[in-house]
Amino acid sequence: MRGYEMFTIHFERAARELARSDGDPSLASLNVSRSAWDRWMVGDIKGLPRHPTRRVLEHLLGETAERLFGPAEPEAGTPGTCREDLLHSDTREPHVAAFESFRLADRQLGGGHVYRSVVHYLTTVVAPGLVGAADDVRDGDTAFGSAVVLTEMAAWMAHDAGRDDLAATHFARARRLARGLTDGTADANVLAGMSHLALQTGLVKSAVDHARSGLAQLASGPRFPVLLARLHAMEARAQAQRGERGEAHRSLDAARAALTLAPSAPATPWVAPFDEAALASETASALLDLGELEAAAQEARRALTLRDATRARSRAFGHITLARVLLAQEHVDVACHVGYELLVTGQTVTSQRLGRQLDVLRGEFNGFHQLPEVRDLLSRMAEAGKHRRLLLGSLALPEGPQ
C-alpha cells in the first residue's frame with residue numbers, strides 16, 4: 001500500500017466495510033487526496049486527519065491515529081537510537097519513502113497510473129525546497145538528488161505510457177538538475193535511463209554513447225556496482241543490436257563482475273535498483289539479438305525464476321522475451337504455454353511499452369497461425385488487447401510540457 005493508487009483501493013474498501021458495520025453510509029464516500037498522501041509519505045504531518053478519516057485509517061491499519069501520525073519511535077532492540085538521530089536521518093533523505101512508494105506502484109500498475117502523482121509531488125513538495133537548499137552543500141545534494149531521481153522516474157513512467165517525447169524531456173531536465181550535485185553518480189544513473197530509451201527508439205549509437213558516458217562519469221568518482229552493472233548491460237544490449245558479438249559478451253561479463261560486488265557496496269537512494277533478475281532479463285534480450293537462442297532461453301527462464309509475483313510488469317516482459325526465443329527455436333507448443341501465462345501476468349499492467357511488445361509477439365505468433373493452438377492464443381490476445389486499449393485510453397498523459 002505504499003503507492004497512492006493501491007492505498008486508495010484499500011482505503012475505499014475499508015471505508016465501505018466500516019459504513020456497513022457502523023450503519024453510517026456517509027463513511028462509504030470518504031477518500032484521501034493525493035496531496036495529503038504525498039505529505040504523509042514524507043512525514044509532513046500537520047495534525048490528525050478529520051475524525052471520519054481517522055476512523056477508516058484505524059480500521060484499515062489496526063493502529064490508533066495518534067500512533068500512526070505521532071512522532072517516530074526507535075525500533076525495538078536499538079536503545080542507542082535517540083530522537084535526535086532519527087530526526088537527523090529523516091532530514092538528510094526526506095524523500096526516500098516517496099521514491100519507494102512510487103516505484104512499488106509503478107511496478108505493479110504501470111507508468112500511466114503513477115506519472116501524474118510523481119509530477120505533482122515534484123512540483124508541490126520537491127521543487128520549493130531547491131532554492132533554499134542550494135546554499136548548503138549537504139542540503140543541496142539531498143534536495144537536488146531527490147529532484148534528479150524523481151524527474152528520472154517521471155521520464156521512465158512517460159516512456160512506459162507511450163510518451164517517448166515527454167520521457168526525453170524529463171531525462172534532459174534530470175541531467176541539468178544532476179549538475180547541481182557534487183559527484184556524477186546521479187548523472188550516470190540518468191545516462192543509463194537515456195541509453196535504455198535510445199535502444200527502445202532505435203537510436204543504437206546514442207544508446208552506446210550514453211552508456212559509455214555514464215561509465216566515464218563513474219570512473220572519476222564513487223563506484224557503485226549496481227549502476228556499473230546496469231550501464232555495462234545497456235552497452236551490451238546496444239552492441240548486440242549492432243552485431244558486435246565479442247564486445248557484447250565482454251560488456252555482459254563486466255556487468256556480472258560488477259554485480260557480484262553489490263552486496264558489500266554502500267547503498268544510495270540516487271541509484272535506481274538493478275539486480276540479478278534485471279541483468280538476466282537484459283542478457284536474454286542481448287543473446288536473442290545475437291541469435292544465441294539456447295543461452296537466451298536459459299537467461300529468460302532465470303529472470304522469471306528470480307522475479308517474484310509482485311513485479312507484474314517485469315514478469316510480463318520476461319514472458320514476452322521467453323516466448324520470442326521459443327518461437328525462434330520453433331518450440332511453438334511451449335511458446336503458446338508461455339503466451340497463456342503472459343495473458344494472466346500482464347492483465348493488470350497498464351503499459352503502452354508492454355502493449356508495443358505484445359504487438360511484436362503477436363506478429364511472430366502469426367507466422368504459425370496454421371496451428372490450432374496458435375489461433376486460439378491469438379484470439380485471446382486480441383480480446384485482451386481490446387481491453388488494454390480501452391484502459392490505456394483513459395490513462396493517456398496530457399499533451400504539452402509537464
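Computed over heavy atoms, backbone and side chain alike; hydrogens, waters and symmetry mates excluded.
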What do you reckon, is NE2 of His337 surrounded by more than 12 foreign heavy atoms closer than 6.0 Å?
-> no
Cys336 and Phe365, any side-chain heavy atoms less than 4.5 Å apart | yes
Inter-residue atom distance Leu279.CG - Glu299.CD, 0.5 Å rounding | 7.5 Å
CD (Glu292) and OG1 (Thr283) are apart, to the nearest 0.5 Å, by 11.0 Å
Scanning both residues in full, the closest heavy-atom pair of Ser26 with Ser29 reads O-OG, 3.1 Å
So, for His170 and Tyr115, is the gap between ring centers shorter than 6.0 Å?
-> yes
Pair Arg356 + Asp359, salt bridge at N-O below 4.0 Å = no
side-chain contact (heavy atoms from CB on, under 4.5 Å) between Leu361 and Leu342, intermediate numbers included | CA-CA 11 Å; Leu361 182 60; Leu342 170 61; 3.6 Å; yes
For residues Glu294 and Val325, determine if any side-chain heavy atom of one lies less than 4.5 Å from a side-chain heavy atom of the other.
-> no
From Asp289 CG over to Arg245 CZ, what is the distance, rounded to the nearest 0.5 angstrom?
-> 11.0 Å
Electrostatic pair Arg315-Glu341, nearest N-O below 4.0 angstrom | no
Side chain Asn31, main chain Glu12, donor-acceptor under 3.5 Å | no
Answer whether the closest heavy-atom distance between the side chains of Leu322 and Arg301 falls below 4.5 Å.
-> yes
Describe, in one word, how the ring planes of His159 and His196 are oriented to each other, choosing from parallel (under 30°), tilted (30 to 60°) and perpendicular (over 60°).
-> perpendicular
Considering only heavy atoms from C-beta outward, does the side chain of Leu227 approach that of His232 to under 4.5 Å?
-> no
So with a 6.0 Å cut-off around CD of Glu58, is the heavy-atom count from everything else above 12?
-> yes
More than 12 heavy atoms from other groups under 6.0 Å of CD on Glu330 = no
Salt bridge between Arg175 and Asp187, side-chain N to carboxylate O under 4.0 Å?
-> yes
Taking side chain as C-beta onward, heavy atoms only, is Arg324 less than 4.5 Å from Val360?
-> yes
Side chains of Met157 and Val119: does their closest heavy-atom pair fall under 4.5 Å?
-> no
Measure across Pro49 and Arg54 and return the closest heavy-atom pair with its distance rounded to 0.1 Å.
-> O-NH1, 2.9 Å
Shortest non-hydrogen contact from Ala65 to Leu48?
-> O-CD2, 3.6 Å
Point-to-point distance, once rounded to the nearest 0.5 Å, from CD of Glu17 to CG of Leu60 | 8.5 Å
Where is the tightest heavy-atom contact between Ala192 and Met234, given as atom of each residue plus distance?
-> O-CG, 3.9 Å
What pair of heavy atoms forms the shortest contact from Phe102 to Val118, and how long is it?
-> CG-CG2, 3.7 Å
If every non-hydrogen atom of Leu343 is compared with every non-hydrogen atom of Arg380, which pair is closest and at what distance?
-> CD1-CB, 3.7 Å
If you measure from the Lys or Arg side-chain nitrogens to the Asp or Glu carboxylate oxygens, is any gap between Arg302 and Glu276 under 4.0 Å?
-> yes
Just by modelled atom types, is the Gln370 backbone N or O under 3.5 Å from a matching donor or acceptor in the Arg375 side chain?
-> yes
Hey, could you give me the CZ/CG distance between Arg311 and Leu306, rounded to the nearest 0.5 Å?
-> 11.5 Å
Would you check, one step at a time, whether the test salt bridge (charged side-chain N to carboxylate O under 4.0 Å, His left out) holds for Asp253 with Arg256?
-> CA-CA 5 Å; Asp253 288 342; Arg256 293 187 194 101; 2.8 Å; yes
Contact check, side chains of Leu259 and Pro225, non-hydrogen atoms, under 4.5 Å = no
Please step through side chain to side chain donor-acceptor pair (under 3.5 Å) for the pair Glu235 and Ser251, ending with a clear verdict.
-> CA-CA 7 Å; Glu235 184 181 35; Ser251 294; 3.2 Å; yes
Just do the side-chain contact (heavy atoms from CB on, under 4.5 Å) check on Leu191 and Leu215 with the steps written out, would you?
-> CA-CA 9 Å; Leu191 284 163; Leu215 291 167; over 6 Å; no
Check whether any side-chain N or O of Thr151 sits under 3.5 Å from a backbone N or O of Ala174 as a donor-acceptor pair, and report yes or no.
-> no
Measure the OG-CZ distance between Ser281 and Phe274 for me, rounded to the nearest 0.5 Å.
-> 8.5 Å
Show your working on side-chain contact (heavy atoms from CB on, under 4.5 Å) between His59 and Val56 and close with a plain yes or no.
-> CA-CA 5 Å; His59 175 71; Val56 176; 5.6 Å; no
Go through Phe224 and Asn189 one step at a time and tell me if the side-chain contact (heavy atoms from CB on, under 4.5 Å) criterion holds.
-> CA-CA 10 Å; Phe224 290 98; Asn189 188 65; over 6 Å; no
Under a 4.5 Å cut-off applied to non-hydrogen side-chain atoms, are Asp376 and Tyr340 in contact?
-> yes
The residue among Leu261, Val271, Leu231, Asp275 that forms side-chain contact (heavy atoms from CB on, under 4.5 Å) with Val226 is Val271
